[in-house]
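As structure tokens, the structure follows; a few thoughts come after it.
None of the values given here were measured: they were computed from a predicted structure.
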Amino acid sequence: MRLFPLIVLCLSLAWPGAVYAQPVEAPEDPKVADFRAAFAQWMQDAGATRGALALRRDGQAVAALGLGMEADRPVDLASLSKAITGVCIARLVEDGALDYADHARAILNLAHAAPVSIAALLGHGSGLRRDHTQGPMAVWRNDPTPRWPRIARTALARDRISADTSYYYSNENYAVLGAVIEAVTGTDYETACRDRVLTPAGVTGQGSALASGYLPWGGWEMTVADYAAFLDDSFGPEGWLTDNIATLPRTRIVPDVYYGHGLVQRDHAGGTNLWHFGALCFEGGPNLGSYAVHWTNGWTVTAWYDACVTDDDMARLDRAMIGVAFAR
């Protein structure tokens with residue numbers, strides 16, 4: 001069983017960036033057919049039979065494409081959900097309800113827990129060197145019971161936190177952030193982040209039937225077009241966080257590549273490229289994956305597919321989309 005694989009670091013590093021977008025009635029961009037063909041070929045090679053692709057350019061919807069399914073069907077976002085949690089935290093900071101330097105233990109009234117900051121959790125630099133969600137997520141599927149409050153208490157125990165605070169991808173970081181959001185807002189995580197993140201972006205989303213038990217790190221469901229619109233609203237050409245991306249808390253992964261607010265980031269001349277992959281792979285199924293990217297050339301792309309793919313497959317998808325987005 002392979003759940004939520006680590007970020008494929010080769011993705012979007014050699015190229016300036018990539019993006020998927022959302023549809024409107026407008027003259028079709030000449031690249032839409034090329035994106036569709038490249039995605040269809042990748043799906044065939046990766047063993048996927050159903051997929052959806054959304055394209056945006058310069059902050060505007062371009063197309064939403066369904067391959068073997070309706071393009072406007074809500075889909076499980078898997079780890080793309082982390083960006084919703086990250087932006088929700090940013091809204092609370094903007095509102096003055098939270099500070100990136102705050103310690104989660106103080107917010108959660110865990111006096112004997114380790115002193116881990118909100119900033120460290122956002123960038124997977126908290127010292128959590130293992131991820132105890134991986135096996136249990138198979139048991140928690142199709143069960144809406146929120147798992148993050150208990151995970152937060154366990155994760156912040158002093159014997160769980162390492163002195164090594166370099167980047168280490170763990171769902172537990174975002175479970176803690178989910179509990180922090182509830183404590184700060186006094187309401188459930190889904191309502192708090194829908195009101196602060198999705199509604200202002202003009203999109204809709206909800207916890208999925210499959211994965212809402214792990215909503216803050218992998219349980220949101222929405223259309224690929226709505227996710228692309230959310231990404232642009234926060235990080236696109238006119239995004240409310242766009243001008244501050246490089247100054248927001250983040251953890252270095254490799255030179256020039258960082259993780260923060262639920263996205264991998266690579267600074268680039270003229271801006272920052274952002275991307276992420278998600279995967280839910282269970283023995284006996286269901287198996288699914290997701291991909292989202294925004295490049296500084298203006299393209300935003302999000303995709304969903306019904307297959308558990310390898311890291312090499314993910315890299316090939318990224319290269320295929322880059323090949324279209326940057327073709328002259």
Side-chain angles (χ1 to χ4, degrees), residues 1-8 11 18-23 32-33 35-55 63-84 133-134 137-144 171 203-215 217-228 230-231 275-293 300-321 324:
M1 175 171 58
R2 185 169 69 92
L3 303 179
F4 292 85
L6 299 184
I7 301 299
V8 183
L11 303 176
V19 204
Y20 283 38
Q22 149 188 13
V32 169
F35 273 117
R36 187 190 190 286
F39 186 49
Q41 183 62 60
W42 177 85
M43 284 178 55
Q44 179 178 327
D45 295 342
T49 60
R50 295 180 295 125
L53 183 68
L55 308 168
L65 309 171
L67 290 82
M69 61 181 285
E70 295 296 322
D72 60 355
R73 172 191 155 188
V75 294
D76 278 273
L77 295 177
S79 277
L80 300 192
S81 301
K82 290 182 173 71
I84 296 173
T133 70
Q134 296 292 338
M137 285 197 295
V139 178
W140 299 337
R141 59 185 158 170
N142 303 313
D143 180 352
N171 292 328
V203 303
T204 60
Q206 56 281 320
S208 79
L210 173 66
S212 60
Y214 23 105
L215 190 56
W217 71 88
W220 281 97
E221 175 186 81
M222 65 174 63
T223 66
V224 289
D226 270 0
Y227 191 86
F230 147 71
L231 203 61
W275 71 97
H276 211 289
F277 275 86
L280 284 171
C281 302
F282 298 103
E283 184 176 354
N287 294 317
L288 60 94
S290 55
Y291 166 68
V293 59
T300 296
V301 178
T302 59
W304 180 90
Y305 40 89
D306 68 341
C308 182
V309 303
T310 66
D311 290 349
D312 286 344
D313 289 329
M314 295 180 192
R316 281 192 290 272
L317 174 57
D318 193 56
R319 288 195 297 268
M321 297 298 98
V324 178

- [ ] Please name all residues satisfying side chain to side chain contact (heavy atoms under 4.5 Å, CB included) with A307, sequence neighbours left out, ordered by chain then number.
- [x]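 Side chain to side chain contact (heavy atoms under 4.5 Å, CB included) list for A307, sorted by chain: A48, V309.
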Task: P286: side chain to side chain contact (heavy atoms under 4.5 Å, CB included) partners, not counting sequence neighbours - done: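 Side chain to side chain contact (heavy atoms under 4.5 Å, CB included) list for P286, sorted by chain: R141, L210, F282.
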Output all residues satisfying side chain to side chain donor-acceptor pair (under 3.5 Å) with [X], sequence neighbours left out; order by chain, then residue number.
| X | value |
| --- | --- |
| Q44 | none |
| D143 | T145, R147 |
| N287 | none |
| W304 | none |

Task: Parallel, tilted or perpendicular, as decided by the 30° and 60° cut-offs, for the rings of W140 and W217 - done: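 The arrangement is perpendicular - the two ring planes meet at more than 60°.
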Of all heavy-atom pairs between [X] and [Y], which one has the smallest distance, and what is that distance?
| X | Y | value |
| --- | --- | --- |
| M69 | G51 | CG-O, 3.2 Å |
| P74 | E221 | CB-CG, 3.7 Å |
| F39 | L317 | CD1-CD1, 3.9 Å |
| G218 | A211 | O-CB, 3.6 Å |

Open item on the list: Return the CZ to CG distance between F277 and D311, rounded to the nearest 0.5 Å.
Closed with: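 Here the interatomic distance stands at 9.5 Å.
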Open item on the list: To the closest 0.5 Å, what do you measure between OH (Y214) and OG1 (T133)?
Closed with: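 These two atoms lie 9.0 Å from each other.
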Open item on the list: Filter on side chain to side chain donor-acceptor pair (under 3.5 Å), then keep only pairs touching residues 67-76, sequence neighbours left out; what's left?
Closed with: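 Every pair satisfying side chain to side chain donor-acceptor pair (under 3.5 Å) with a residue in residues 67-76: D76-S208.
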Open item on the list: Taking salt bridge (Lys or Arg N to Asp or Glu O under 4.0 Å) as the definition, give me every residue that meets it alongside R50, ordered by chain and number, with sequence neighbours left out.
Closed with: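 If we apply the salt bridge (Lys or Arg N to Asp or Glu O under 4.0 Å) test to R50, skipping adjacent residues, the hits are D306.
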